[in-house]
Visitor: 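Questions regarding the structure given below will be posed in turn.
Just so we're on the same page: letters track the sequence lines, and every chain starts at 1.
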Amino acid sequence: MNWRIPAIVATPCFIPALCGQDCPHYFFLIMSIRVRFAPSPTGDLHVGGARTALFNWLMARKSGGTFILRVEDTDGARNTAEAAAGIIKGMRWLGLDWDEGPEVGGDCGPYFQSQRKDIYDSYFKKLEDAGRVYAEADGAMRFKFSRTAITVHDLVCGDVTFAPTEEPDMTIRRPDGSYIFHFVNVVDDIEMRMTHVLRGEDHLSNTWKHIDLFNAFGATPPTYAHIPLILNPDGSKMSKRDEGSAIEHSYMNAGFLPAAVFNYLCMLGWTPKAESEKLSREELTALFDADAIHSSNAKFDLKKALWFNAQYLRELSPEELLKHALPFLAAKGLAWTNDTMAAAAVHSVREKVSLLTELPEWVHYFFREDYPFEADVVTKLKAKPENAGLLKAAAEQLALAGEWTEQGVHDAVEAAAKALSVKPGAMMPLLRFALSGQSRGPGVTTIAHLIGKEKTLARIERALVEVMGA
RNA sequence: GACCCCUUCGUCUAGCGGUUAGGACACAUCCCUUUCACGGAUGCGACACGAGUUCGAUUCUCGUAGGGGUCGCCA
């Protein structure tokens, strides 16, 4: 494809007086890229929309251009302020910031279409003056199509030519005077001086209508890039109820890290030229190329999304991890006074989980003394009568430990094992069970060290009495 | 029904006329190991089909099938 992102645009010489007729010169204008994400606030931010926003953001950030957020709330019956707020919340969570739009303002505002009626009225007038509109019986206004062949030059799909249409002229204004999507979308793309439009492929079939409108206004259409859709694993269209579809519900509240979702979504429909798929926001920005976006739809894969999340989770520092885990721990009623200890606790199990929501079940015993003992483990341990003695011996040796470090704990257990002629490996599971009530978790020495000597001994005593019948 | 887009392992994909068709996720096995994991190694596994172009097609063209999308006073 030849139409690269025109950060530099060639335009024929516009001062023929200086050069004479048919002058061969071109001026190279540096045109700043302006892109937008234009959601309609009818519901939560959807993965498809999020990725569209992401690609637009990437394009703007890479080129030093401008990313605009425009809320397309022309349908009073369906749009809600809550939905608009939710979309903004989701974008902020993903780390997408905009240069113009709600909350930040800009020269082309307002950025809610519901507040731009005057602008639309004046554009509508232009169409009226050009004789391109006519009224229906009930007052709705239609735009007279040019009914010529129209070619869409698309960064992703190439040249797509639509034959002169046989569809009825499209309605652009309702009887109540409010305007329809196709009209306001084009008007705003002109008014906000958009240079590129990256949007879902579901819009491709309608793009000729938009170009017809641009032509009617005597405006140059932006460069389009229609990106493929994200489908369910079974290939069906993803809708609100489907797993993984809503940013807030499926990701924010489900224990995903924004960076992981950001990364995963980028891999759906675009492959950066890099060794690894795990790439930071900065790397993705540097690598982004709208021309390299795929033209085929992609199916959503939760397993891979989880893998990305696990990767990001385990490289967080203890403090960062605790910060992200906080709401999820609190939701399970876990509380603490020592942040350093809590951070160390969650950090000790970072390689065992792929979602923040899994954290509580892995660390709850760090924060309370009344943790339950898992039934099947109880049965298993009681089956061997010598276990109580082993545990008691370990406790006695632990009580003698001088320095309460992981090494110190380890040495004590080793000494106790040696005295009874068993391997430390025979004692560790018993201790793990006593200290956590579970059969899995971080290293036993890590648990003991983190909860301290006093609690370690008390917990063993409790297990001995309550479970082992000692 | 009309029009548009798409089609490589189960999934995301690399490939841009000649490759043992590569990688990642998932799955399986082994190693590591006090558990669960992590990590390492290995394995499993694909060019939708049919014509054509060509010395040679996964790659180019056409057709078929399949999937998706659009045809709203929704966006």
Visitor: Expressed as a whole number of Å, how far does the C1' atom of B:rG22 sit from that of B:rG45?
Guide: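 So the two C1' atoms sit 14 Å from each other.
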Visitor: For B:rG10, give its Watson-Crick or G-U wobble partner with both distances under 3.5 Å, or none.
Guide: B:rC25
Visitor: Would you indicate, yes or no, if B:rC74 has its OP1 or OP2 atom less than 4.0 angstrom from a side-chain nitrogen or oxygen of A:Arg174?
Guide: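 Answer yes for this pair, as a side-chain N or O of A:Arg174 is under 4.0 Å from OP1 or OP2.
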Visitor: Is the charged tip of A:Lys332 near the ring of A:Phe367: under 6.0 Å from the six-membered ring centre and within 45° of its axis?
Guide: no
Visitor: What's the gap between B:rU19 and B:rA37 when it is taken at their P atoms, as a whole Å value?
Guide: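 It comes out at 42 Å once rounded to the nearest Å.
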Visitor: Checking A:Phe183 now: which residues fulfil ring pair (Phe, Tyr, Trp, His ring centres under 6.0 Å) with it, not counting sequence neighbours?
Guide: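 So A:Phe183 forms a ring pair (Phe, Tyr, Trp, His ring centres under 6.0 Å) with A:Tyr179.
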Visitor: Among B:rG69, B:rC25, B:rC74, which nucleotide sits nearest the side chain of A:Arg78?
Guide: B:rC74
Visitor: Look at all strands and tell whether A:Pro424 reaches a base, only sugar-phosphate, or nothing, counting heavy atoms closer than 4.0 Å.
Guide: nothing
Visitor: Hunt down the Watson-Crick or G-U wobble partner of B:rA2, both distances under 3.5 Å, from any strand shown, or write none.
Guide: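 Paired with B:rA2, as far as the under-3.5 Å criterion goes, is B:rU70.
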Visitor: A:Arg314 side chain N/O closer than 4.0 Å to the phosphate oxygens (OP1, OP2) of B:rG39?
Guide: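 Answer yes for this pair, as a side-chain N or O of A:Arg314 is under 4.0 Å from OP1 or OP2.
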Visitor: Using atom CG of A:Leu430 as one end and atom C1' of B:rU35 as the other, report the distance to the nearest whole Å.
Guide: 12 Å
Visitor: Residues in side chain to side chain donor-acceptor pair (under 3.5 Å) with A:Glu201, at least two apart?
Guide: none
Visitor: Could you let me know what B:rU64 is paired to, Watson-Crick or G-U wobble, both distances under 3.5 Å, or none if it's on its own?
Guide: B:rA48
Visitor: Partner of B:rG18 by Watson-Crick or G-U wobble geometry, both contacts under 3.5 Å, or none?
Guide: B:rC55
Visitor: May I have the distance from A:Lys352 (atom NZ) to B:rG39 (atom P), rounded to whole angstrom?
Guide: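 Atom NZ in A:Lys352 sits about 12 Å away from atom P in B:rG39.
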Visitor: Syn versus anti for B:rC4, judged by chi lying within 90° of 0?
Guide: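 Anti, angle beyond 90° from zero.
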Visitor: Quantified in whole Å, what is the C1' atom distance between nucleotide B:rA48 and nucleotide B:rU59?
Guide: 16 Å
Visitor: Just call it for A:Lys237: base, sugar-phosphate, or nothing, with non-hydrogen atoms closer than 4.0 Å on any strand.
Guide: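 Sugar-phosphate, backbone atoms only, no base.
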Visitor: Think A:Thr74 has a side-chain N or O under 4.0 angstrom from the OP1 or OP2 of B:rA75?
Guide: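 Yes, A:Thr74 has a side-chain N/O under 4.0 Å of OP1/OP2 on B:rA75.
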Visitor: Using atom P in both nucleotides, what's the gap between B:rU11 and B:rC71 to the nearest angstrom?
Guide: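 Between the two P atoms, the distance is 29 Å.
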Visitor: By nearest nucleotide on RNA chain B, pick out whichever of A:Pro442 and A:Gln311 is the more 5' one.
Guide: A:Pro442
Visitor: Kindly assign one of parallel, tilted or perpendicular to the pair A:Phe262 and A:Trp57, based on the angle between their ring planes and the thresholds 30° and 60°.
Guide: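 Answer is perpendicular, since the angle exceeds 60°.
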Visitor: Side chains of residues 407-417 of chain A: which donor-acceptor pairs under 3.5 Å do they make with residues two or more places apart or in other chains?
Guide:
unit_1: A:Gln407; atom_1: NE2; unit_2: A:Asp411; atom_2: OD1; d: 2.9

Visitor: Want to settle it: does A:Leu229 or A:His203 sit nearer the 5' end of RNA chain B, counting the closest nucleotide to each?
Guide: A:Leu229
Visitor: Could you verify whether a donor N or O on one side chain and an acceptor N or O on the other, from A:Glu243 and A:Ser250, lie under 3.5 Å apart?
Guide: no
Visitor: Between atom CZ in A:Phe308 and atom P in B:rC38, what is the gap in whole Å?
Guide: 16 Å
Visitor: Using the P atom in both, what is the distance from B:rC12 to B:rU35, to the nearest Å?
Guide: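 So the two P atoms sit 37 Å from each other.
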Visitor: Rounded to whole angstrom units, what separation is found between the CZ atom of A:Arg199 and the P atom of B:rA75?
Guide: 13 Å
Visitor: Scan nucleotides 2-14 of chain B nucleotide by nucleotide, 5' to 3', and note B when protein non-hydrogen atoms come under 4.0 Å of the base, S if they reach only the sugar-phosphate, - if neither.
Guide: --SSSS---SBSS
Visitor: Given A:Asp188, which partner from the list A:Arg36, A:Arg116, A:Arg193 fulfils the side-chain hydrogen bond (donor to acceptor under 3.5 Å, both in side chains) test?
Guide: A:Arg116
Visitor: Figure out the CE/P separation between A:Met170 and B:rC74, and round it to whole Å.
Guide: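 Taking CE of A:Met170 and P of B:rC74, I get 14 Å after rounding.
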Visitor: Can you check whether A:Ser280's main-chain N or O pairs, donor with acceptor, with A:Glu283's side chain at less than 3.5 Å?
Guide: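 Checking the backbone N and O of A:Ser280 against the side chain of A:Glu283, a donor-acceptor pair under 3.5 Å is found.
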Visitor: For B:rA75, does either OP1 or OP2 sit under 4.0 Å from a side-chain N or O belonging to A:Ser40?
Guide: no
Visitor: To the nearest Å, give me how far apart CG (A:Leu381) and P (B:rU35) are.
Guide: 14 Å
Visitor: Please give, in whole Å, the distance from B:rA37 P to A:Glu361 CD?
Guide: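 Taking CD of A:Glu361 and P of B:rA37, I get 12 Å after rounding.
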Visitor: Do any side-chain atoms of residues 206-215 of chain A form donor-acceptor pairs under 3.5 angstrom with protein atoms, and if so which ones, sequence neighbours left out?
Guide:
unit_1: A:Asn206; atom_1: OD1; unit_2: A:Lys209; atom_2: NZ; d: 3.1
unit_1: A:Thr207; atom_1: OG1; unit_2: A:Arg199; atom_2: NH1; d: 3.2
unit_1: A:Thr207; atom_1: OG1; unit_2: A:His203; atom_2: O; d: 2.9
unit_1: A:Thr207; atom_1: OG1; unit_2: A:Leu204; atom_2: O; d: 3.3
unit_1: A:Thr207; atom_1: OG1; unit_2: A:His226; atom_2: NE2; d: 3.1
unit_1: A:Trp208; atom_1: NE1; unit_2: A:Ser205; atom_2: O; d: 3.1
unit_1: A:Lys209; atom_1: NZ; unit_2: A:Glu167; atom_2: OE1; d: 3.3
unit_1: A:His210; atom_1: ND1; unit_2: A:Arg199; atom_2: NH2; d: 3.0
unit_1: A:Asp212; atom_1: OD1; unit_2: A:Ser146; atom_2: OG; d: 2.8
unit_1: A:Asp212; atom_1: OD2; unit_2: A:Ser146; atom_2: N; d: 2.9
unit_1: A:Asp212; atom_1: OD2; unit_2: A:Ser146; atom_2: OG; d: 3.3

Visitor: Rounded to whole Å, please give me the gap between CG in A:Asn206 and C1' in B:rC74.
Guide: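 So the two atoms are 11 Å apart, to the nearest Å.
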Visitor: Answer with yes or no whether A:Lys303 presents, from its side chain, a donor or acceptor under 3.5 Å of a partner atom in the base of B:rC25.
Guide: no
Visitor: Taking salt bridge (Lys or Arg N to Asp or Glu O under 4.0 Å) as the definition, give me every residue that meets it alongside A:Arg281, ordered by chain and number, with sequence neighbours left out.
Guide: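 For A:Arg281 there are no salt bridge (Lys or Arg N to Asp or Glu O under 4.0 Å) partners, ignoring immediate neighbours.
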Visitor: Taking only the P atom of each, what is the distance from B:rG18 to B:rG39 in whole angstrom?
Guide: 36 Å
Visitor: Considering every strand and a 4.0 Å limit on heavy-atom distances, what is the contact class for A:Gly235: base, sugar-phosphate, or nothing?
Guide: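 The residue A:Gly235 makes sugar-phosphate contact but no base contact.
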Visitor: On a whole-Å scale, what distance lies between the C1' atoms belonging to B:rG17 and B:rU61?
Guide: 14 Å
Visitor: Tell me whether the side-chain N or O atoms of A:Asp138 pair up with the base of B:rC73 as donor and acceptor below 3.5 Å, since no angle test is needed here.
Guide: yes
Visitor: Given the C1' atoms of B:rG69 and B:rC73, what is the spacing between them in whole Å?
Guide: 22 Å
